[in-house]
Protein chains: 2
Amino acid sequence: MINSRVAVAIHILALIASRPHDDLPSDYIASSVNTNPVVIRRILGMLRKAGLIRTSVGKAGAALAKEPFQISLLEVYQAVEKDSELFAVHENPNPHCPVGKRINAVLNEAFHSAQSALENKLAAQNIQGIMDHLFNEG
Amino acid sequence: MINSRVAVAIHILALIASRPHDDLPSDYIASSVNTNPVVIRRILGMLRKAGLIRTSVGKAGAALAKEPFQISLLEVYQAVEKDSELFAVHENPNPHCPVGKRINAVLNEAFHSAQSALENKLAAQNIQGIMDHLFNEG
DNA sequence: TTTTTTGTAACTGAATTAGTTACAGGATAG
DNA sequence: CTATCCTGTAACTAATTCAGTTACAAAAAA
C-alpha cells in the first residue's frame, strides 16, 4: 500500500487553499489531520522542495506557490514519494534461463504501462478539483 | 513500492507456461528467479489459493489451472497482494474541521479512479502476452 | 525579552518484506 | 520396502519503511 503521506499532503494543500488569508501553524494543520505537528512539517518540507508551497522559518503559515488548479495530484504524489518505480522487480534473475534472461525487460514494460495509466489519472486531477468536491458537492 | 511478489509470481507462471510438459520443482524455479525455494513455494501457495495453478503435496510441478491467455496480470496481482486498497488514507481526520470532515470521502474517490486505471491496464495483460514478449520479440 | 514557530535530527515501535532453517508427511524410484 | 525427493508450512531473522515522538537551534513576532 502506498503510504499515507500522499493523502496527508493533499489534505494539507486543500486546507491551505481553503484559507488563503490565514497563516496556519503546523499545530493547527496537525489537529485537522489528527497527527503530530512534526509529521506535518516533514511533509511541508517535501512540498516546499518540490516547489509547491513557500514557507518561512519561524513564521507560521505556508502559501501555495501556484494556483490550486495548477497543482496536480501527480505532482503531490511525486513530491512525497521519491521512488519513481511503482512495482518492485526481483534482482538478478538467472541469465542462463530463457525466462530469467528476459523477464525483467518484459516486466518493466508491463508494469510501466500500468503505472503510466495511474499517473495519468493523478495528473488529470488537481487541488482545485479536491476543493470543489470538498465544498461544492454532496 | 509494490512488493516483488507480483514480479516473481509472473515469472513463475511464465516459466510453468513455457514448460507445460515438465514438472518443475520449487528448487528449479528458485534458481531461475534467483531466490530461496521457500519463497517460491509461498507464492505458489498464494497462486493455488487464488485458483490460478494446481499443485500436489510431495510431487514436483505445478500446472496452470487455465490457459495462459486467461490469466490476467490483475488476477496475479490480486493473488499475491491481498490488500485491495492501493493508497493509504490517514485515519480519523478532525470531524470538526470543514476539510477534515470530508477529506477521506474525497480522497477515496480521487484515489479510486487512479487505482481503477492501474487495474484496468493489468487486467488487459495476461501470461500469454508475457510469453509472447519473452519469446517472440526482440 | 518572552513567546511562538519552523526546520531538522534522532530515536522509537509497529509493520512488512525477503530470506532462511527446520520438519512432517506425501510421492516416487530403485 | 525404504531411501530419496519434494511440498507445505511454521518459525525465526535482518533489513527497511513508516508514523509518531522528543528535543532543540534559530528565526519571527508579540
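First the proteins, then the strands, lettered A, B, ... as listed; each starts at 1.
Contact annotation: Ser26(B) side-chain N/O to dT7(D) OP1/OP2 distance is under 4.0 Å. Between Thr55(A) and dT6(C), a side-chain N or O to OP1/OP2 separation shorter than 4.0 Å is absent. Using a 4.0 Å cut-off, some side-chain N or O of Ser4(A) falls inside it from OP1 or OP2 of dA19(D). At dA19(D), one or more side-chain N or O atoms of Arg5(A) fall inside 4.0 Å of OP1 or OP2 (strictly under the cut-off).
Leu47(A) has its CG atom 14 Å from the P atom of dT6(C), to the nearest Å. Taking atom CZ of residue Arg42(A) and atom P of nucleotide dA10(C), one finds them 13 Å apart after rounding to whole Å. Summarising the geometry, the separation between CD1 on Ile43(A) and C1' on dG7(C) is reported as 14 Å, rounded to the nearest angstrom. Going from atom CZ of Arg41(B) over to atom C1' of dG8(D) covers 7 Å, rounded to whole Å. Between Ile29(B) atom CD1 and dG8(D) atom P the separation is 10 Å, expressed in whole Å. Put simply, CG on Asp27(A) is 14 Å from P on dG20(D), counting in whole angstrom units. Rounded to an integer number of Å, the gap from Leu44(B) CG to dA18(C) P is 15 Å. Rounded to a whole Å, the CD1 atom of Ile40(A) is 16 Å from the P atom of dT22(D).
When Ile40(A), Ile12(A), Ile29(A) are each tested for a side-chain contact (heavy atoms from CB on, under 4.5 Å) with Leu24(A), only one passes: Ile29(A).
Each of dA19(D), dA18(C), dT9(D) was ranked by its minimum atom distance to the side chain of Arg48(B); first place goes to dT9(D). Of the candidates dG19(C), dA19(D), dC18(D), the closest approach to any side-chain atom of Val39(A) belongs to dA19(D). Listed candidates were dG26(C), dT6(C), dG20(D). Nearest to the side chain of Thr35(A) is dG20(D). Comparing dT22(D), dA27(C), dT21(C) by their closest approach to the side chain of Val38(A) singles out dT22(D). Listed nucleotides dC18(D), dT8(C), dG7(C) differ in distance to Val57(A); the shortest reach to its side chain belongs to dG7(C).
The nearest heavy atom of DNA chain C to Gly58(B) and to Glu81(B) marks one nucleotide each, and the one closer to the 5' end goes with Glu81(B). Comparing Lys59(B) and Ala88(B) along DNA chain D, the residue whose closest nucleotide (by nearest heavy atom) sits nearer the 5' end is Lys59(B).
Using a 4.0 Å heavy-atom cutoff across all strands shown, Asn36(B) reaches at least one base atom of the nucleic acid.
Ring geometry, Phe111(A) versus Phe87(A): the interplanar angle falls under 30°, so the pair is classed parallel (tilted spans 30 to 60°).
Side-chain atoms of Arg48(A) do not come within 3.5 Å of backbone N or O of Arg54(A) as any donor-acceptor pair. In this structure a side-chain-to-backbone donor-acceptor pair under 3.5 Å is missing from Glu109(B) to Ala105(B). Proximity of a side-chain donor or acceptor of Asn94(A) to a complementary backbone N or O of Gly100(A) within less than 3.5 Å is not detected.
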